[in-house]
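One structure below.
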Protein chains: 2
Amino acid sequence: MADTSEAGEPSLEEQIAAYQREFQDLDPQVEKIVSALSRLNRRMNVAYGRQTADLGISNADWEVLKALVLSGAPYRMGPGELAKRLGLTPAAMTHRIDRMVTEGLVTRERDENNRVRVIVELTGEGREKWLAAMRLASVFEEDLLQDLSPDERTSLGEVLTRLLRRVEHAQPDAGGRLSDLD
Amino acid sequence: MADTSEAGEPSLEEQIAAYQREFQDLDPQVEKIVSALSRLNRRMNVAYGRQTADLGISNADWEVLKALVLSGAPYRMGPGELAKRLGLTPAAMTHRIDRMVTEGLVTRERDENNRVRVIVELTGEGREKWLAAMRLASVFEEDLLQDLSPDERTSLGEVLTRLLRRVEHAQPDAGGRLSDLD
DNA sequence: AAGCTAAACTTCGAAGCTAAAGATTATATT
DNA sequence: AATATAATCTTTAGCTTCGAAGTTTAGCTT
């Protein structure tokens, strides 16, 4: 076997060669960047998933915890707001919150000032879980970037935000769910 | 509103500030890179999804077409192999192939040499759809990287593959489905 | 203030996924 | 050759999601 990757996944180089074979108009340099981005992200998500699983929460749970923590004290949001933020339908959010309430990660109560609204609030346990996940994630992320010099980090961050700006401008998010919180 | 982004999504800078507020041990530079990677990937997937939808195929279909085309002529794979490649369970693959057969994108037949096996083969229409999607994707990708100089492209590709190697080595893919073909 | 209209959430039905059990064929053992 | 074991796919049951319809409350309009 000349391939270090498992599960029959071709190496990045093999895959780009296959693309060129099947589609001549392809710029291999562009494809290299795009494919690397995609694979990198996939691997990172696997890693995050493993870490949150170790803490006894699902990746779905973690997304909700993140959104609540990032909203700042007192860590409250409505289901609709959460759904928009996470790229889910309100229906899906209802069920997710159901589960998380039984898991003790959040509470759900009606807003007494406006009884149509619902308030989802982080519990102490929810905050602890988020913190623990965050510690694991930051160790992993630092490890991931270990080989990059300070200059390379600066440069990479700059280039990526430039790409991000471009793609955000190009796509006014047409009616779009966004999925997958960062 | 001081925020150009829609749907109440905070800007990258706002989000990093929020992370620092809630988690002091965070390296903002690391977080910037990681968050930009994540957001970029998300946006790209939305773009791909829109393009494939325009062609009348689902993103799920596209993944299968990609795997088959990349396998090279005669564009045949078994369901199990496809499932592994796409990060699905064999059960999910069975259903996906059901659908794609009715859509005329692939054919399914038993392997006469080994009647336990099944052969999924790309149809002419399937190949056409893949090509059309590929043309759209390559235009989008070139547009995405438009602002990057040749040197920046080279450098970005090199850095990303370095990160990829690191994450692939660190995670021997423990029993893992991989999901999301690139 | 009675009745529309809109907003926010939940419920319902259909689709896709996973894990586990089941069915079918091939391979190895005795 | 008969049986056991393994490999490959399909079926089943449960969960999550989406889209659409339904429910409750708020805010307008007259």
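Note that these values count all heavy atoms, side chains included, but never hydrogens, waters or copies made by symmetry.
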**Asked** In dot-bracket form, how is DNA chain D paired, counting a Watson-Crick or G-U wobble pair only if both its distances are under 3.5 Å and using | for bases paired to another strand?
**Response** ||||||||||||||||||||||||||||||
**Residue pair V64(A) / L105(A), side-chain heavy-atom distance below 4.5 Å** = no
**Prompt:** Are side-chain heavy atoms of I57(B) and L65(B) found at a separation under 4.5 Å?
**Reply:** yes
**Item:** Basic-acidic side-chain contact under 4.0 Å: E103(B), K129(B)
**Value:** no
**Message:** Quick check: do N41(A) and L37(A) have side-chain heavy atoms less than 4.5 Å from each other?
**Reply:** no
**Electrostatic pair E152(B)-R162(A), nearest N-O below 4.0 angstrom** = yes
**Request:** Quick one: list whatever passes side-chain hydrogen bond (donor to acceptor under 3.5 Å, both in side chains) with E109(A), sequence neighbours left out.
**Result:** none
**Item:** Atom pair distance, as rounded to whole Å: CG in L86(A) and P in dC18(D)
**Value:** 10 Å
**Which residues share a side-chain hydrogen bond (donor to acceptor under 3.5 Å, both in side chains) with Q146(A), sequence neighbours left out** = R166(B)
**Prompt:** Considering residues at least two apart in sequence or located in another chain, which fulfil the side-chain hydrogen bond (donor to acceptor under 3.5 Å, both in side chains) criterion with S58(B)?
**Reply:** D61(B)
**Fill in**
One should read off an interatomic distance between L122(B) CG and T107(B) OG1, to the nearest 0.5 angstrom, of 8.5 Å
**Request:** Mind telling me whether F140(A) and Y48(A) have parallel, tilted or perpendicular rings, with 30° and 60° as the class edges?
**Result:** perpendicular
**Sorted by number, the residues of residues 106-117 of chain B with heavy-atom contact under 4.0 Å to DNA chain D** = R108(B), V116(B), R117(B)
Every protein N/O within reach of nucleotides 14-17 of chain D N/O, cut-off under 3.5 Å:
{"from": "dT16(D)", "atom 1": "OP1", "to": "R99(A)", "atom 2": "NE", "distance (Å)": "3.1"}
{"from": "dT17(D)", "atom 1": "OP1", "to": "R96(A)", "atom 2": "NE", "distance (Å)": "3.0"}
{"from": "dT17(D)", "atom 1": "OP1", "to": "R96(A)", "atom 2": "NH2", "distance (Å)": "2.7"}

**Request:** Could you pick out which residue, I97(B) or P90(A), lies toward the 5' side of DNA chain D when each is mapped onto its nearest nucleotide?
**Result:** I97(B)
**Asked** Tell me: CG of N59(A) to C1' of dT18(C), nearest whole Å?
**Response** 15 Å
